[in-house]
Amino acid sequence: MAHNHNVSPFNSMPPAIVGLAVVIVGVEAAFSLGARGLLGGPGAVGWRLDALQRFAFSNEVWHWMLSSGQFPAQHLLRFFSYAFVHGSFSHALFAAVMLLALGKMVGEALGTARTLAILAVSCFGGALAYGFLSTPVPLIGAFPPVYGLIGGFTYLLWLRLGQMGEQQARAFSLIGILLGIQLLFGLLFGGTLDWVADLGGFGSGFLLTMVLVPGGWTRLRERLRQRR
């Protein structure tokens with residue numbers, strides 16, 4: 001059988017996912033070029049710092065909102081905007097590559113709208129989980145919503161393994177390996193608590209996919225009735 005080797009691998013990629021990846025890499029490219037004086041003039045050197053102050057998710061700001069009862073839109077935006085600010089070009093590039101790979105897999109199974117919903121909810125869920133911590137380190141990077149896609153993929157794989165009569169616990173191998181690597185790197189080189197946000201994103205994506213997958217809401221109601 002002949003194969004068309006000229007078919008682009010992006011043909012089946014949801015355009016919205018590609019757009020998000022382009023924005024992530026584009027923003028980081030602007031920061032990197034500005035820091036080297038190749039874009040934006042002298043003031044561009046401080047673009048990254050300014051973005052961290054304005055768009056990163058800050059626990060201190062979140063706790064202030066809770067204690068004061070004030071929730072300005074500019075600070076609520078941080079629940080989502082932190083995903084577009086990264087610490088380095090490699091950080092942003094790795095996040096964009098994982099977004100494309102997982103966005104393609106989940107998008108093919110659930111469609112673009114549901115995939116974007118998983119990204120949005122897991123982005124918020126990751127920040128919310130991180131907000132329970134008492135740390136001055138702001139949360140940045142697209143990994144919490146990417147982990148949300150991992151959560152969605154895990155649930156889809158869990159369903160498929162169940163239909164095939166195989167051990168469904170295997171579906172959690174990917175998240176187990178990734179969290180194990182994070183723990184190992186944290187022990188060897190030190191690190192922040194952003195794994196809490198990643199885990200919050202994973203849980204949010206997993207739970208939302210349970211509802212969004214075709215027949216998921218009916219299946220969930222039946223399970224809840226059985227447990228009563």
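When the options Ile181, Ile177, Ile175 are evaluated for a side chain to side chain contact (heavy atoms under 4.5 Å, CB included) with Leu179, the one that passes is Ile175. The one candidate from Leu212, Val106, Val213, Leu208 that meets the side chain to side chain contact (heavy atoms under 4.5 Å, CB included) condition with Tyr155 is Val213.
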- Might you work through the side-chain contact (heavy atoms from CB on, under 4.5 Å) test for Phe84 and Ile140, ending with a clear yes or no? CA-CA 7 Å; Phe84 296 94; Ile140 58 173; over 6 Å; no
- Could you walk me through whether Leu149 and Thr115 pass side-chain contact (heavy atoms from CB on, under 4.5 Å), step by step? CA-CA 8 Å; Leu149 291 180; Thr115 302; 3.8 Å; yes
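No continuous path of ILVMFWY side-chain contacts below 4.5 Å connects Val97 to Leu99, so the two sit in separate hydrophobic clusters. In the hydrophobic clustering of ILVMFWY residues, with side-chain heavy atoms under 4.5 Å counting as a link, Val18 and Val146 come out together. Transitive grouping of hydrophobic side chains (ILVMFWY, heavy atoms separated by less than 4.5 Å) brings Phe172 and Ile150 into a common cluster. Hydrophobic clustering, with ILVMFWY side chains joined whenever heavy atoms are under 4.5 angstrom apart, keeps Leu39 apart from Leu93. Cluster annotation: Val61 and Phe71 are assigned to the same hydrophobic cluster (Ile/Leu/Val/Met/Phe/Trp/Tyr, side-chain heavy-atom contacts under 4.5 Å, transitive).
Counting heavy atoms from C-beta on, the side chains of Tyr82 and Pro145 come closer than 4.5 Å. The side-chain heavy atoms of Val27 and Val85, taken from C-beta on, include no pair separated by under 4.5 Å. For the pair Leu110 and Leu156, the minimum side-chain heavy-atom distance is below 4.5 Å. At least one side-chain heavy atom of Leu116 sits under 4.5 Å from a side-chain heavy atom of Leu20.
Counted within 6.0 Å of CZ on Phe94, heavy atoms from surrounding residues, nucleotides or ligands total 12 or fewer; the atom is thus considered open.
The structure places CD of Gln163 at 10.0 Å from CH2 of Trp158, a figure rounded to the nearest 0.5 Å. The distance from atom OG1 of Thr154 to atom CG of Leu102, rounded to the nearest 0.5 Å, is 9.0 Å. Annotation: the span from Met210 atom CE to Leu159 atom CG amounts to 8.5 Å, rounded to 0.5 Å. With rounding to the nearest 0.5 Å, the separation of CZ in Phe202 from CG in Leu178 is 9.5 Å. The distance from the CZ atom of Phe153 to the CG atom of Leu174 is 7.0 Å, given to the nearest 0.5 Å. Once rounded to the nearest 0.5 Å, the distance linking CD of Glu108 with CE of Met13 reads 8.5 Å.
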Side-chain donor/acceptor pairs under 3.5 Å, residues 119-134, sequence neighbours excluded:
| residue | atom | partner | partner atom | Å |
| --- | --- | --- | --- | --- |
| Ser122 | OG | Ile118 | O | 2.6 |
| Ser122 | OG | Leu119 | O | 3.1 |
| Tyr130 | OH | Val137 | O | 2.7 |

For residues 43-57, run the donor-acceptor check on the side chains, cut-off 3.5 Å, and write out each pair with its distance to 0.1 Å, sequence neighbours left out.
| residue | atom | partner | partner atom | Å |
| --- | --- | --- | --- | --- |
| Arg48 | NH1 | Glu28 | OE1 | 2.9 |
| Arg48 | NH1 | Glu28 | OE2 | 3.3 |
| Arg48 | NH1 | His86 | O | 2.7 |
| Arg48 | NH2 | Glu28 | OE2 | 2.7 |
| Asp50 | OD2 | Arg54 | NH1 | 3.4 |

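In this structure, Phe79 and Trp62 have perpendicular ring planes: the angle between them is above 60°, well past the 30° mark.
The backbone N or O of Ala29 lies less than 3.5 Å from no partner atom in the side chain of Ser32, so there is not a single donor-acceptor pair. No side-chain donor-acceptor contact under 3.5 Å links Glu166 to the backbone of Leu161.
The nearest pair of heavy atoms linking Ala96 to Val25 is CB-CG2, 3.6 Å. When all heavy atoms of Gly87 and His91 are compared, the pair lying nearest together is N-ND1, 3.1 Å. Across every non-hydrogen atom of Ala16 and Thr112, the tightest pair is CB-CG2, 3.9 Å. The minimum heavy-atom distance linking Ala142 with Ile24 is given by the pair CB-CD1, 3.8 Å. The two residues Gly107 and Pro14 have their closest heavy-atom pair at CA-CG, 4.3 Å.
Ring-centre distance between Phe31 and Phe89: not below the 6.0 Å cut-off.
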